[in-house]
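Atoms within a ligand are numbered from 1 in the order they appear, just like the ligands themselves.
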Amino acid sequence: MGPSRNAPCWCGSGKKLKRCHLDRARLVRPAVRIGAVRPERAVPEGIARPHYVLDGTVWPPPEAQVLSGEALERMRHACRVAAEVLAETVAAVGVGVTTDELDAVAHEAYVTRGAYPSTLGYHDYPKSICTSVNEVLCHGIPDDRPLQDGDIVNVDVTAFVDGMHGDTSATVGVGTIAPELAVLIDTTRDATLAGIANIRPGEPMQRVAEAVTSVAKDRGYGVVSEYGGHGIGEVFHADPHIHHTITSRDRAVAVPGLCLTVEPMLRTGAPRFTTADDGWTEVLDDGMPSAQFEHTVVVTGTGAEILTVLADGTSAVSPAGSVHAPAG
Ligand code: MF3
Ligand code: CO
Ligand code: CO
């Protein structure tokens, strides 16, 4: 059962739900059951590990990653690999497929490319990707729950190869999804690409938040403020923190060569969420679905270039033929 028609609307308008966003109640699906997690998958010994897997006790300062020359070439490669792993994994999504089976597909895709799954052993995270279904906001752990017709799932891939991390995610529908969920997914993709397109060297990183929040607000969604993007390169989560909502605390400026992620989460319901007993899975309290996309980009002399793309410039974030595919 959805919320009462006379309840105040989740969007904070002060109006009754029936006079405001009643249709959104349709989006609530049976609560995602968190399932059993299989033991960690092995990575061949020849594949280089990130520092935290080798020595979990030493965490160097998360310095901003400003890359050029051969370091930027290695970064391009890691990001290409991440885009390839994401594309292969998303292609395996289907009704009845468990998220652990998606983890297996991703794991194989990383290791065949000589890459280490950055999340495996990161602060003791046990899996090679994150899979966040419906009202799971982020950091869902792949488990034995089969995907159901009408679910939406975010697959988040991070590859460590040639000493660099590349980070990218996409949300896709399972089987036939409600049209409202397709709009949520498309809007979240639009917000992500608009945030990236608004980056300018020498200007505040807040330009990302300005574009993301404006796309989300136009279509009636909230933007999650507790999670943001991050600098990335030799370090998985580096400075600066990339806000997706407007805040006076953000002093970061875009400089050419800076590598970072843009990864907004848009929600259809209220902001509150709670961490599940597994210590990772963030679940929205009202059970309303959310979506997320993520690209790793590098600031250029004129804007930002998306690095997490396939050889043809497309990706699972902006598939070929999509009207949202970035030019060039
Ligand atoms: N890939 C996520 C990000 O976009 C981070 C996942 S960390 C994990 O930053 F430990 F939860 F896997
Ligand atoms: Co990220
Ligand atoms: Co990610």
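Ion pairing between a basic and an acidic side chain is recognised when a charged N comes within 4.0 Å of a carboxylate O; Arg267 and Asp286 show no such pairing. In summary, Arg80 and Asp162 do not engage in a salt bridge, as defined by a charged side-chain N under 4.0 Å from a carboxylate O. With respect to the salt-bridge test (charged N to carboxylate O, under 4.0 angstrom), the residues Glu88 and Arg113 qualify.
Not one N/O/S atom of His237, from backbone or side chain, sits under 2.8 Å from the Co ion (ligand 2).
In this structure, the ring of His123 has its center less than 6.0 angstrom from the ring center of Trp59.
Residues Thr99 and Asp143 bring a donor and an acceptor atom of their side chains to less than 3.5 Å of each other.
In this structure, His107 has no ring pair (Phe, Tyr, Trp, His ring centres under 6.0 Å) partners at least two apart in sequence or on a different chain. Residues passing the ring pair (Phe, Tyr, Trp, His ring centres under 6.0 Å) test with His243, sequence neighbours excluded: His241.
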_Could you go through Arg41 and Asp100, starting from their C-alpha distance and side-chain angles, then the distance that decides it, and tell me whether this counts as salt bridge (charged side-chain N to carboxylate O under 4.0 Å, His left out)?_
CA-CA 11 Å; Arg41 297 196 151 83; Asp100 188 66; 3.1 Å; yes
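Contact residues for ligand 1 (protein heavy atom closer than 4.0 angstrom to any ligand atom): Thr119, Tyr122, Tyr125, Cys130, His139, Asp156, Thr158, Asp167, His230, Phe236, His237, Glu263, Trp280, Glu294.
Across Val212 and Ala191, no two heavy atoms sit closer than the pair CG2-O, 3.4 Å.
Excluding waters, the set of protein N/O/S atoms under 2.8 Å from the Co ion (ligand 3) reads Asp156 OD1, Asp156 OD2, Asp167 OD1, Glu294 OE1.
Ring-plane geometry between Phe236 and His165 is classed as parallel, the angle between the planes falling under 30 degrees on a 0 to 90 degree scale with a further cut at 60.
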